[in-house]
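Input: a single structure, listed below in structure tokens.
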Amino acid sequence: MTASSPEPGKQAVVTGGVGFLGSHLCERLVARGIRVACVDNFITGSPGNVSPLTASPLFTLINRDITEGLDVGGPVEYVFHLASPVSPADYLRFPVQTLNAGSAGTIHALELAKKERARFVLASSSEVYGDPLEHPQPEAYWGNVNPIGPRSPYDEAKRFAEATTAAYTRTYGVSTAIARVFNSYGPRMRPSDGRAIPTFNRQALAHVSRLW
Ligand SMILES: NC(=O)c1ccc[n+]([C@@H]2O[C@H](COP(=O)([O-])OP(=O)(O)OC[C@H]3O[C@@H](n4cnc5c(N)ncnc54)[C@H](O)[C@@H]3O)[C@@H](O)[C@H]2O)c1
């Protein structure tokens, strides 16, 4: 399939689609000829990340908080659920919004997948392991999470999201996948968002510029 041969009727919903990973995913889907409804409330992501896509007839940007509901027109084939504050700087600033995105937001995204008989993909996190007692972590490891610590809104939201995803598969037969993303990095990450690799790069560059 190429960009010039869109598959009629195929539509993907990407929650958190203007964020770092979401914007790359939207690009890739549109390049494959799949219609994309990118849903984001811009709490941590910038619409500028998808501005090159807005000229495409395959791309629709919807400004919406997914904790309030998720309904898009037309048949939906895929639901990619990425919406959440993610970086430590963000989830420490927005702990309740983080819990809501992982709980209510995940349920709305799963309900859409159930209604549309769509494939559902959850962007989870290595943070489901908390402060792990095993290194490296195999998928079968259940984790070591403090449920009331400062990181708990993110860790527990992701654990709730995984549990809900598994329950929708067992209970309703929704076709789902869970991707536990570890530290990824690349273009469009914000230098000051507190994640390991941008922080390392920013500090290294600041130090280099001080030396010069
Ligand atoms: N990038 C990584 O290394 C990494 C690691 C582990 C997990 N993940 C997961 O991947 C997904 C994407 O991460 P990212 O790095 O692109 O983060 P990001 O912060 O760049 O993007 C998240 C997007 O979600 C949006 N959002 C947050 N709450 C929302 C809500 N209620 N309604 C609508 N939109 C909302 C934000 O505005 C933002 O655009 C997240 O679910 C994250 O937990 C990423």
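Numbering of ligands and ligand atoms starts at 1, following listing order. Worth saying up front: this structure is predicted, and the values here are computed from it rather than measured.
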Polar contact flag, side-chain donor to acceptor under 3.5 angstrom, [X]-[Y]:
X	Y	result
Arg180	Ser124	no
Asn49	Ser46	no
Thr106	His81	yes
Thr176	Thr169	yes
Tyr168	Glu111	yes

Would [X] count as being in polar contact with ligand 1, using the rule that some N or O on each side must be under 3.5 angstrom apart?
X	result
Val181	no
Ser126	no
Ser184	yes
Thr67	no
Ile66	yes
Val18	no
Asp65	yes
Arg195	yes
Thr44	yes

Check the surroundings of atom [atom1] in [X]: do more than 12 heavy atoms from other residues, nucleotides or ligands lie under 6.0 Å from it?
X	atom1	result
Ile148	CD1	no
Tyr185	OH	no
Arg93	CZ	yes
Arg202	CZ	yes
Tyr141	OH	yes
Asn144	CG	yes

For [atom], tell me which residue out of [options] has the closest non-hydrogen atom.
atom	options	result
atom 27 (C) of ligand 1	Ala101, Gly102, Gly22, Ser84	Ser84
atom 5 (C) of ligand 1	Phe42, Phe182, Tyr185	Phe182
atom 10 (O) of ligand 1	Ala104, Ala123, Gly19	Ala123

Quick check on [X] - does any of its heavy atoms sit under 4.0 Å from an atom of ligand 1?
X	value
Arg64	yes
Ser124	yes
Lys158	yes

If you count the atoms of ligand 1 from 1 in the order shown, which ones are under 4.0 Å from a heavy atom of [X]?
X	answer
Gly45	36 (C), 37 (O), 38 (C), 39 (O)
Pro85	27 (C), 28 (N)
Asn183	3 (O)
Gly16	23 (C), 24 (O), 25 (C)

key: Residues that, via side-chain heavy atoms closer than 4.5 angstrom, fall in one hydrophobic cluster with Phe94   = Ile43
Tell me, which protein residue and heavy-atom name are nearest [atom], and how many Å apart are they?
atom	value
atom 28 (N) of ligand 1	Ile43 CG2, 3.6 Å
atom 13 (O) of ligand 1	Val86 CG2, 3.5 Å
atom 40 (C) of ligand 1	Leu82 O, 3.1 Å
atom 39 (O) of ligand 1	Asp40 OD2, 2.6 Å
atom 35 (C) of ligand 1	Asn41 OD1, 3.1 Å
atom 20 (O) of ligand 1	Phe20 N, 2.8 Å
atom 16 (O) of ligand 1	Leu21 N, 2.7 Å

Ligand 1 versus [X], non-hydrogen atoms closer than 4.0 Å: side chain, backbone, both, neither?
X	value
Tyr154	side chain
His81	neither
Met189	neither

key: Glu156/Arg159 under salt bridge (charged side-chain N to carboxylate O under 4.0 Å, His left out): CA gap, chis, key distance, verdict   = CA-CA 5 Å; Glu156 297 291 16; Arg159 290 171 72 91; 3.8 Å; yes
query = Heavy-atom distance under 4.5 Å between the side chains of Thr98 and Ser84, does that happen here?
reply = yes
task = Hey, can you tell me if Tyr91 and Tyr154 have their rings parallel, tilted or perpendicular (30° and 60° cut-offs)?
result = parallel
query = Are Leu82 and Tyr78 grouped together when hydrophobic residues (ILVMFWY) are joined by side-chain heavy atoms under 4.5 angstrom apart?
reply = yes
query = Can any side-chain N or O of Ser56 pair as donor or acceptor with the backbone N or O of Leu53 at less than 3.5 Å?
reply = no
